[in-house]
Amino acid sequence: MAEITFPLPDLGEGLEDAIILEWHVKVGDRVERNDVLVEVETTKSAVELPSPQAGVVAKLGGEEGDTVLVGDPLITFEVADETAGIVGTVPTHEASPVKRVKLSLPDDD
Amino acid sequence: MPSVESAGTTISWQEIGPADGRPVLVVHGFGSNRAANWLDAGWADPLTEAGIRAILVDLRGHGESGRPVGSEHYRPEVFLADLVAVLDALGLERVGYLGYSFGARLGWELALAHPERIDRLVLGGFSLESPMVGFDVAAARAFIAEGTEIQHGLTSALMRMSALVPGADLNRLVDVVEGIKDTELPAAGAGPVPAAPTCIVVGERDQIAAGAEALAAEIGAEFVPLKARSHTSAISARGFKQAAVDWLVGAN
């Protein structure tokens with residue numbers, strides 16, 4: 001087995017970081033591609049991020065309430081060796097982030 | 001969409017869930033609507049699966065309800081009359097109530113004004129006092145008319161937030177603010193407390209709802225904090241949905 005780590009993707013709004021609101025998975029969970037991994041909040045919206053990868057969750061990149069920078073590790077999967085050579089990218093094409101909340105009040109920040 | 005005439009304005013709502021389910025009036029916040037506040041935030045499944053017949057109202061000036069011109073159409077008592085009109089139109093004597101932000105403020109007042117109609121309250125993003133107090137109406141009008149930058153933080157935030165909601169009519173929303181800020185809903189906790197068992201749900205980063213935890217302790221209400229959530233991101237939290245449906249069906 002090998003590990004593959006995905007960074008927090010650029011959410012396409014010119015934003016540099018996001019707050020982890022709620023993990024939908026925990027270490028040890030088996031997830032399928034496109035399962036919701038986590039809901040994060042940027043200054044513009046709350047977004048659910050789908051999994052780019054099937055595998056077993058090995059490590060989470062932060063606690064709920066933590067701020068994660070774009071490009072920093074978000075989640076690590078344990079995967080079969082033959083898939084480990086793929087360079088990790090969180091999906092932006094096949095599975096777009098789902099916007100759940102489009103509103104934001106700056107005085108909350 | 002079903003609707004009823006109330007004080008000369010059409011008030012629309014949408015029902016989801018089993019027709020013979022536990023009836024609950026569900027009321028969105030300022031500048032939002034039934035879709036943006038509830039459906040888009042993933043509430044349909046948890047409500048329906050709990051056996052709740054949810055009546056999702058669009059407040060006047062919002063969503064698909066009427067948008068009369070002038071702040072006199074947006075007094076707090078008119079909003080309350082609208083909600084009663086919806087219950088009457090549906091023949092519902094007594095319901096649960098789920099409200100967010102301004103919708104929660106209205107729920108508190110509705111339960112005080114008509115204690116026989118509301119048997120359980122869930123108040124999300126509940127502010128003790130109206131957050132509209134310092135709203136700069138003139139600056140908001142200038143922003144709409146000419147794009148003039150708004151200096152006042154809350155005014156600017158509310159206008160930018162409202163502008164993001166599809167189909168929002170900003171001038172009508174400023175009418176709403178004018179209507180409710182001049183005849184302030186009384187501060188919660190300073191006066192009478194609803195008889196209905198109450199659950200208050202607030203995001204830990206929600207500054208608008210600061211003080212809600214102390215109020216809950218004072219009045220013996222259930223209090224559910226939502227880790228990491230702000231005033232706007234709280235609405236999609238699974239913890240909010242679970243707490244709300246449990247409270248509304250009386251499972252706790």
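Protein chains get the first letters and strands the later ones, always in sequence-line order, with residue 1 at the start of each.
- In terms of the salt bridge (charged side-chain N to carboxylate O under 4.0 Å, His left out) criterion, residue partners of B:R34 (sequence neighbours excluded) are, by chain and number, B:D58, B:E64.
- Annotation for B:E213: atom CD does not count as buried by contact number, only 12 or fewer foreign heavy atoms lying within 6.0 Å.
- Among residues 58-67 of chain A, the residues having any heavy atom closer than 4.5 Å to a heavy atom of chain B are, in sequence order, A:E64, A:G65.
- Shortest non-hydrogen contact noted between B:A228 and A:I20 is CB-O, 3.7 Å.
- Remark: B:W13 pairs with no residue by the ring-ring contact (aromatic ring centres under 6.0 Å, His included) rule, at least two apart or across chains.
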Could you give me the CA-CA distance, side-chain angles and deciding distance for A:I19 and B:R205, then say whether side chain to side chain contact (heavy atoms under 4.5 Å, CB included) is met?
CA-CA 11 Å; A:I19 296 167; B:R205 290 191 298 120; 3.5 Å; yes
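- For residues 17-28 of chain A, the set of pairs meeting the side chain to side chain donor-acceptor pair (under 3.5 Å) definition, not counting sequence neighbours, comprises A:E22-B:R229, A:E22-B:R238, A:K26-A:D29.
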